[in-house]
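Contents: one structure, followed by commentary.
Note that the structure is a prediction, hence the values are computed from the model and not measured.
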Amino acid sequence: MVRRFLTLSPVISRLNLNPGIFLAASPSLRLQRQNLKPKISIISPSSASTFQRTRAYTTRTRGSSSLPRSESWKLDDDGLVVLGIETSGDDTAAAVVRGNGEILSQVISSQAELLAQYGGVAPKQAEEAHSRVIDKVVQDALDRANLTEKDLAAVAVTIGPGLGLCLRVGVQKARRVAGAFNLPIVGVHHMEAHALVARLVEHELSFPFMALLISGGHNIIVLAHELGQYTQLGTTVDDAIGEAFDKTAKWLGLDLRRSGGPAVEQLALEGDSKSVMFNVPMKNHKDCNFSYAGLKTQVRLAIEAREIDAKCPVSSATKEDRRNRADIAASFQRVAVLHLEEKCERAIDWALKLEPCIKHMVVSGGVASNQYVRSRLNNIVENKNLKLVCPPPSLCTDNGVMVAWTGLEHFRVGRFDPPPPAIEPDDYVYDLRPRWPLGEEYAQGRSEARSLRTARVHPSLTSIIRAADSLHQQTQTSQ
């Protein structure tokens, strides 16, 4: 399985598709039975784990031949231990996860104060905050797992999509750890990690399945055919639902230290969801794409019409003012989620035509923590005879667990990079993918508006893996 990624780099270069961390496995790390040396470590019991041993593998000698696909070496999954690092947005996160799905540690450093101060994510300030805490967050994750870097099988890190300045901090740290301890490194797609973490908590979840991934910067519905193979059924043509929640919270004078979504959800409990009749976006568009820019404008105009002052926090508002804010929050939330419901219902019909054996729909990402969202979408999914799978809230927001788990899934099938050098040159160019699609667009769901926004977009994860598969098949045929 490893072999099909070995010859990808030159072709990708000619096609201007840089596979970077994720796919380029060098001959030095081709897995061979004669070269794999088990490394046994005794681990003290911790609150997260009571296991006594972990088995990882390192290369003892460097070989030049790889095993045929049918004879590929299968690593001891339960013995694999991977460190995951996540810095794509406004939280610095790290976690250590075993191959059997056991979470040995999870550490997150929040930038809530910065969010409140700037009313959202400020890239430069977020980068500086990541840089200040990244070393401590990673060390705390290892300490809480009662492990050292020598006990790891690999390091996984988010390389996109996300804020380039923030991604760089995590990638630099991951490469320093991997280089210093001769560890393979796995570059992870942020949105794939949101989808795959559901497989850690729901053991019955197997491919193919559907996934709705909703967060501050992303709003996509995908059909997951298999690991690394996705069809994008719909995406946002402008703003994501999380962005709409955040802006609504800001304009209503809510406490952003909790982030906008939870703040709006809590205030909405006090309001009448039908008091303000917002229009549902894209009612006349018979596709699965989303749009929240217009709904944001409707909310802003409603707030202005009621003369609500965002500078006056809701905690200091009069009884009438607070009721007005609660009504807007509830009405916005109802329509924002109704938009999700309508598009998801159509997407399920499309997906069942492509993969009739689908049994599950995953809803993940920060907005999936919203209980109203979960409840409404569960009704849609059940009506289609599917099962809704939502990770717990702590695994819906950005976290290191999802990165470590996704790294494990790809590491098992040979998708990883060899250890980087212990010391890299100052001018080293890191593989960062701020705009990186997860899957290939479904023809029926393609948006003309979205297609115009393709500048500096990295080739999708799916297209890269398909190119690798094709090259592998060509190589096998010619032998």
### Query
Going through the checks in order, is the side chain to side chain contact (heavy atoms under 4.5 Å, CB included) test met by Ser109 and Asp91?
CA-CA 6 Å; Ser109 176; Asp91 287 332; over 6 Å; no

### Task
Mind running salt bridge (charged side-chain N to carboxylate O under 4.0 Å, His left out) on Glu409 and Arg199 for me, showing each step along the way?
CA-CA 10 Å; Glu409 292 231 41; Arg199 284 165 52 85; 2.8 Å; yes

### Message
Would the distance check show the side chain of Lys343 and the main-chain N or O of Asp287 forming a donor-acceptor pair, the cut-off being under 3.5 Å?
### Response
yes

Exercise answer: donor-acceptor pairs, residues 152-165 side-chain atoms, under 3.5 Å, sequence neighbours excluded:
from   : atom 1 : to    : atom 2 : distance (Å)
Thr158 : OG1    : Glu86 : OE1    : 2.6

### Message
Check the orientation of Phe416 and Phe411. Use parallel for under 30°, tilted for 30 to 60°, and perpendicular for over 60°.
### Response
tilted

### Query
Is the backbone N or O of Thr148 less than 3.5 Å from a side-chain atom of Asp151, with the two atoms forming a donor-acceptor pair by type?
yes

### Test item: Lys296 and Thr248 side chains (from C-beta on) under 4.5 Å apart, heavy atoms
no

### Query
Given Val169 and Glu127, is the side chain to side chain contact (heavy atoms under 4.5 Å, CB included) satisfied, shown in steps?
CA-CA 7 Å; Val169 177; Glu127 177 204 20; 3.9 Å; yes

### Query
Just by modelled atom types, is the Leu432 backbone N or O under 3.5 Å from a matching donor or acceptor in the Arg168 side chain?
no

### Message
Apply side chain to side chain contact (heavy atoms under 4.5 Å, CB included) to residues Thr92 and Ile108 and explain how you reach the verdict.
### Response
CA-CA 6 Å; Thr92 312; Ile108 299 177; over 6 Å; no

### Query
Is the closest side-chain heavy-atom distance between Leu80 and Asn100 below 4.5 Å?
no

### Member of Leu104, Leu200, Val403 meeting the side-chain contact (heavy atoms from CB on, under 4.5 Å) criterion with Val97
Leu200

### Task
Take Ile134 and Thr87 through the test side chain to side chain contact (heavy atoms under 4.5 Å, CB included) and record every step on the way to the result.
CA-CA 9 Å; Ile134 186 67; Thr87 62; 4.0 Å; yes

### Query
According to the interplanar angle, ranging from 0 to 90°, do the rings of Tyr430 and Tyr428 count as parallel (below 30°), tilted (30 to 60°) or perpendicular (above 60°)?
perpendicular

### Task
Check for a donor-acceptor pair, side chain of Asp238 on one end and backbone N or O of Ala293 on the other, with a separation under 3.5 Å.
yes

### Query
Does one side chain, of Glu440 or Ser460, offer a donor that lies under 3.5 Å from an acceptor on the other?
yes

### Task
Check whether more than 12 heavy atoms from other residues, nucleotides or ligands sit under 6.0 Å from atom CZ of Arg466, and answer yes or no.
yes

### Query
Is a side-chain donor-acceptor pair under 3.5 Å present for Asp143 with Gln139?
yes

### Query
Using the ring of each side chain (for Trp, its six-membered ring), is His339 parallel, tilted or perpendicular to Tyr292, with breaks at 30° and 60°?
perpendicular

### Task
Could you please spell out the steps behind the salt bridge (charged side-chain N to carboxylate O under 4.0 Å, His left out) verdict for Arg176 and Asp135?
CA-CA 11 Å; Arg176 286 199 301 270; Asp135 289 340; 3.4 Å; yes

Donor-acceptor pairs under 3.5 Å, side chain of residues 202-213 to any protein atom, not counting sequence neighbours: which ones?
from   : atom 1 : to     : atom 2 : distance (Å)
Glu202 : OE1    : Lys387 : NZ     : 3.3
Glu202 : OE2    : Glu204 : N      : 3.2

### Query
Can you find a heavy atom in the side chain of Gln106 that is under 4.5 Å from one in the side chain of Asn399?
yes

### Task
Report yes or no: do Thr231 and His225 form a side-chain donor-acceptor pair below 3.5 Å?
yes

#### Entry: Tyr442 backbone acceptor or donor facing Gln232 side chain under 3.5 Å
no

### Query
With no hydrogens and no angle check, do the side chains of Gln125 and His130 hold a donor and an acceptor under 3.5 Å apart?
no

### Query
Is it true that a side-chain atom of His218 and a backbone atom of Met191 form a donor plus acceptor pair closer than 3.5 Å?
no

### Message
So Val188 and Met402, do their side chains get closer than 4.5 Å, heavy atoms only?
### Response
no

